[in-house]
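Excluded from the calculations below are hydrogen atoms, water molecules and symmetry mates; all remaining heavy atoms, backbone and side chain alike, are included.
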Amino acid sequence: MKKYAMTFVWLLACTLVFAQHGGDQKDKGHKGPGDPKAAAAKHADKLKADVALDDTQYIKVKAVYETYEQEQATVRRDTSLTKGQEKTKMKALRDNRDASLRAALTAEQWKKWEALKQEKKDAKNARKDGKKGKDGKDGAGNDEKE
């Protein structure tokens, strides 16, 4: 019996130790790859597959994403910013990224990329809507907007 009690205590202690988070998300940085160059390559590869970039465009797009990812990481690490300031700076970074991408893509590729972005946004909104309860209220008990 003593052996089972000690095993239970040991398992409980291990569970508590491994369940610790170890800090705030702001301290850890953002989700996703920790290396901005790796994240840039991932985005450029996806865009290459989605809109059929040629090699010259791929190099330009990858450079745009490298700059964007580095600047984004800098903003996220800046703990002096309020949430509103961070949101404003991130929007400016996205707008700058989009302008640079638009310059690198053909009109047809740009339209296709915009359509893919809209699909992704719609899917995200659908997932958000799916989180509302069966009674038509969100998690805070508010009625769903019609």
Side-chain angles (χ1 to χ4, degrees), residues 7-146:
T7 303
F8 176 74
V9 169
W10 182 79
L11 287 173
L12 182 62
C14 288
T15 302
L16 292 174
V17 168
F18 289 114
Q20 300 301 313
H21 288 276
D24 189 11
Q25 282 295 331
K26 188 92 171 168
D27 296 337
K28 291 181 182 178
H30 61 89
K31 296 185 281 186
D35 179 24
K37 288 189 183 250
K42 179 181 172 187
H43 289 298
D45 289 343
K46 175 140 178 52
L47 194 59
K48 183 176 185 175
D50 289 343
V51 300
L53 298 177
D54 63 31
D55 292 339
T56 305
Q57 288 177 313
Y58 177 79
I59 292 167
K60 289 177 184 177
V61 165
K62 189 173 176 186
V64 168
Y65 272 114
E66 283 178 2
T67 302
Y68 171 72
E69 290 292 335
Q70 289 170 349
E71 291 173 346
Q72 186 183 44
T74 301
V75 169
R76 289 183 189 256
R77 280 193 302 266
D78 188 352
T79 57
S80 67
L81 297 174
T82 65
K83 288 285 184 188
Q85 291 170 329
E86 183 178 346
K87 186 175 180 179
T88 301
K89 285 193 175 209
M90 295 300 272
K91 179 165 180 10
L93 289 176
R94 284 191 304 274
D95 291 344
N96 186 33
R97 176 205 61 197
D98 289 353
S100 298
L101 286 175
R102 187 174 198 150
L105 301 176
T106 66
E108 185 179 313
Q109 289 170 324
W110 177 255
K111 285 180 186 177
K112 190 170 183 180
W113 188 69
E114 284 286 304
L116 290 169
K117 275 192 347 181
Q118 188 62 44
E119 284 178 24
K120 186 175 177 181
K121 188 175 184 179
D122 292 345
K124 181 179 179 181
N125 288 337
R127 284 191 309 271
K128 272 186 182 179
D129 290 343
K131 289 183 180 179
K132 294 186 181 192
K134 291 180 183 178
D135 58 359
K137 296 182 179 187
D138 62 14
N142 300 321
D143 285 334
E144 179 176 309
K145 293 182 182 177
E146 296 183 24

Q: How far apart are the closest heavy atoms of Val64 and Ser100, and which atoms are they?
A: CG2-CB, 3.6 Å
Q: With a 4.5 Å heavy-atom cut-off, do Leu47 and Leu101 have their side chains touching?
A: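 Answer yes - side chains close enough.
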Q: Between Glu108 and Lys111, does any side-chain N to carboxylate O distance fall below 4.0 Å?
A: no
Q: If every non-hydrogen atom of Val61 is compared with every non-hydrogen atom of Ala104, which pair is closest and at what distance?
A: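 Result for this residue pair: CG2-CB, 4.3 Å.
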Q: So does Lys89 pair up with Asp78, basic N to acidic O under 4.0 Å?
A: no
Q: Salt bridge (Lys or Arg N to Asp or Glu O under 4.0 Å) with Asp122: which residues, sequence neighbours excluded?
A: none
Q: How long is the span from the NE2 atom in His43 to the CD atom in Glu69, to the nearest 0.5 Å?
A: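 It comes to 4.0 Å.
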Q: Less than 4.0 Å between a side-chain N and a carboxylate O, is that true for Asp95 and Lys91?
A: yes
Q: Filter on salt bridge (charged side-chain N to carboxylate O under 4.0 Å, His left out), then keep only pairs touching residues 51-66, sequence neighbours left out; what's left?
A: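 Listed once each, the pairs are Lys48-Asp55.
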Q: Are the side chains of Glu86 and Val75 in touch, meaning some heavy atoms are under 4.5 Å apart?
A: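 Answer yes - side chains close enough.
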Q: Any side-chain to backbone donor/acceptor pair from Gln57 onto Leu105? Under 3.5 Å, distance only.
A: no
Q: Once you measure the plane-to-plane angle for Tyr65 and Tyr68, does it fall in the parallel (<30°), tilted (30-60°) or perpendicular (>60°) bin?
A: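 Tyr65 vs Tyr68 ring planes: perpendicular.
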Q: Before you tell me yes or no, could you show the steps for Gln72 and Arg94 under side chain to side chain contact (heavy atoms under 4.5 Å, CB included), namely the whole-Å CA-CA distance, both residues' side-chain angles and the distance that decides it to 0.1 Å?
A: CA-CA 9 Å; Gln72 186 183 44; Arg94 284 191 304 274; 6.0 Å; no
Q: Taking Val51's backbone N and O only, do any of them form a donor-acceptor pair with Gln109's side chain (distance below 3.5 Å, no angle check)?
A: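 The answer is yes, because a donor-acceptor pair under 3.5 Å joins these two groups.
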Q: After noting the C-alpha distance and the side-chain angles of Lys120 and Leu116, does the key distance pass the side chain to side chain contact (heavy atoms under 4.5 Å, CB included) rule?
A: CA-CA 6 Å; Lys120 186 175 177 181; Leu116 290 169; over 6 Å; no
Q: Above 12 or not: heavy atoms from other molecules or residues under 6.0 Å from NZ of Lys37?
A: no
Q: Evaluate the side-chain proximity of Glu114 to Lys117: yes if any heavy-atom separation is below 4.5 Å, no if none is.
A: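 SC-SC contact between Lys117 and Glu114 confirmed.
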